[in-house]
Amino acid sequence: MYQKQQQVHQHLTTAHLAQTMTLLSMTAEELGEKIASELAANPALELLDERRCPGCGRSLHPREICPNCSRPKQPESQDPIVFISPRDDFFTGTSMPVEERPEDNLSAATEDLPTYVLRQIAPELANQDRALAAFILTHLDEDGLLTITPLEVAQYHHILPSRVQNIIQMIQHADPIGVGSANSQEAMLIQLESLEESGTIPTLARKVVTDCMSLLSRHQYAMIAHQIHEPIKLVEEAAHFIGANLNPFPGRSHWGDTRDNVKVSDRTYHRPDIIINHLNNNIHEPLVVEIIMPLAGTLRVDPLFRSAIKDVKQDKIEDWKSDVERASLFVKCLQQRNHTMERLLARVVVLQKDFIDNGEGSLKPVTRASLAKELEVHESTISRAVANKAIQLPSGRIIPFSKFFDRSLHIRTALQQIISREKENLSDTELAELLKKEGYFVARRTVAKYRAMEGILPAHLRQKHPSKQ
DNA sequence: CTATGGCACGGATT
DNA sequence: AATCCGTGCCATAG
């Protein structure tokens with residue numbers, strides 16, 4: 001298998017390499033556009049409805065996954081299953097109504113918000129529910145909040161409110177998190193929940209959002225402190241955190257509203273390019289890794305076109321030849337890209353299995369360079385493959401692929417643990433000492449930076465164990 | 001005086 | 001070659 005591919009490597013021309021690189025660095029979505037445009041521009045390129053399993057070669061329906069090859073060879077084996085997952089519907093959003101709302105001022109953005117959200121959740125929805133989700137999503141205002149109540153939706157469609165609730169919940173947990181909530185408060189609570197999964201949040205944050213929204217928006221911290229009988233410092237701390245990390249208007253986080261800007265540095269979530277799951281959602285089963293391919297069917301050079309070349313007039317024949325050339329180059333590059341992605345993912349998933357299962361503490365510091373060496377490809381290949389891509393973990397979280405190569409994440413989580421474990425408020429210097437004992441060599445200044453990254457406040461503003469509450 | 005955050009520099013990584 | 005990251009030094013806050 002690999003030997004075969006290595007031969008392919010040898011045959012690569014510079015054109016191959018250049019285009020493969022470009023394809024590699026593209027998001028699944030961008031790839032979809034690229035393929036579509038290539039398909040439209042080049043008559044020699046053909047999209048065949050039929051697919052053949054890359055493993056065993058038997059023919060498959062457009063979206064079918066080969067039942068033989070997607071099963072591990074030895075059931076015992078912990079080897080991950082990695083395959084290219086064709087999902088054209090995932091991106092074309094076929095169930096999305098085409099009606100445009102007149103007041104839709106989001107259309108200036110690259111893609112409107114409802115479509116964006118629907119694409120994320122569509123794969124997990126039954127077909128009837130997609131239409132329902134689409135309906136709900138058309139009733140978002142420009143802030144990403146819902147303009148109708150779940151009850152109205154249920155009545156309108158004559159279905160159970162609980163079903164509507166379920167769908168709304170899925171919408172709310174899609175990116176931007178909190179979208180589809182009834183009001184800002186609900187949206188922020190959901191964002192808090194999701195932040196809580198990945199790190200610590202100030203103890204009062206939830207309470208403040210729940211009970212004192214109106215005061216909070218007017219920055220009347222003293223009043224809040226009085227009302228909930230808490231020290232004002234803690235309230236300010238919570239408010240600070242809220243201001244920095246939560247967005248009352250989820251519809252604006254991605255859609256370039258400058259007025260109420262939110263930090264989108266490390267909180268930027270994308271639609272996944274790769275989805276990782278456990279077989280049967282059982283943590284003991286091997287991992288299944290889907291590399292999203294925005295295309296169903298087989299892309300190939302149209303054999304009819306190729307054979308028709310000899311009947312073409314002399315003056316046009318050059319054009320036709322170059323079309324065929326382009327098409328075949330494109331197909332090869334695409335295959336090359338997918339193959340590289342498969343190998344990369346197969347290796348990364350093995351290395352970072354603990355991280356995938358157990359979360360951030362178990363992340364191993366892997367550099368792109370080391371992987372490049374293992375896979376015998378150029379470093380820039382890995383870089384491009386990783387850049388701008390998003391991975392969905394079994395937990396449902398969507399994280400940037402680059403997080404798999406974060407050199408400091410494990411130290412940061414160690415830091416988090418120390419802080420949450422120890423009961424005294426430790427200064428940065430002391431924290432640095434403790435980390436050194438655990439084998440993490442970091443300077444005091446660096447501890448401060450990690451703290452900031454994790455949203456942990458300085459020692460004197462922090463309050464440890466919720467012992468005295 | 002101690003603890004932190006800002007700025008900026010150098011080395012590693014991409 | 002460009003970028004990111006850890007770190008040292010310094011100003012400032014408590």
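Proteins come first, then strands; the chains are lettered A, B, ... in the order of their sequence lines, and each starts at number 1. Since we're looking at a predicted model, the values are computed, not measured.
Distance from the side chain of A/S383 is smallest for B/dT14 among the nucleotides C/dG8, B/dT4, B/dT14. Here the side chain of A/Y450 is nearest to one of C/dG6, B/dT14, B/dT13, namely C/dG6.
Rounded to a whole Å, the NZ atom of A/K389 is 14 Å from the C1' atom of B/dT14. One atom, CG of A/L431, and another, P of B/dT4, lie 8 Å apart when rounded to the nearest Å. In this structure, CE of A/M453 is placed 12 Å from P of C/dC4, rounded to the nearest angstrom. Put simply, CE on A/M21 is 15 Å from P on B/dT14, counting in whole angstrom units. Counting to the nearest Å, the C1' atom of B/dA12 and the CZ atom of A/R407 are 7 Å from each other. Rounded to an integer number of Å, the gap from CD of A/E237 to C1' of C/dG14 is 17 Å. For the pair A/D406 CG and C/dC4 P, the computed distance is 13 Å after rounding to whole Å. Taking atom CZ of residue A/F441 and atom C1' of nucleotide C/dC5, one finds them 18 Å apart after rounding to whole Å.
Note: A/L189 CG to A/S184 OG = 11.0 Å, rounded to the nearest 0.5 Å.
Not a single donor-acceptor pair under 3.5 Å links the side chain of A/E430 to the backbone N or O of A/L426. With hydrogens and angles disregarded, a donor-acceptor distance shorter than 3.5 Å links the side chain of A/R337 to the backbone of A/M26.
Across all strands shown, A/V442 has heavy atoms under 4.0 Å from sugar-phosphate atoms exclusively, and none from any base. Within 4.0 Å of A/S380, counting heavy atoms only, lies no atom of the nucleic acid at all. Residue-level contact check: A/R445 touches the bases, meaning some heavy atom is under 4.0 Å from a base atom. A/F405 comes within contact range of no nucleotide atom at all, as no heavy-atom separation falls under 4.0 Å.
For the pair A/H460 and A/S408, both in contact range of DNA chain C, the more 5′-proximal nearest nucleotide belongs to A/S408. Along DNA chain B, the nucleotide nearest to A/K449 and the one nearest to A/R444 differ in position, and the one closer to the 5' end is contacted by A/R444.
With respect to A/E30 and A/K34, no salt bridge is recorded, no charged nitrogen being found less than 4.0 Å from a carboxylate O.
Using a 30° and 60° split on the angle between ring planes, A/F401 and A/F404 fall in the perpendicular class, above 60°.
Side-chain N/O atoms of A/R368 include none lying less than 4.0 angstrom from OP1 or OP2 on B/dT13.
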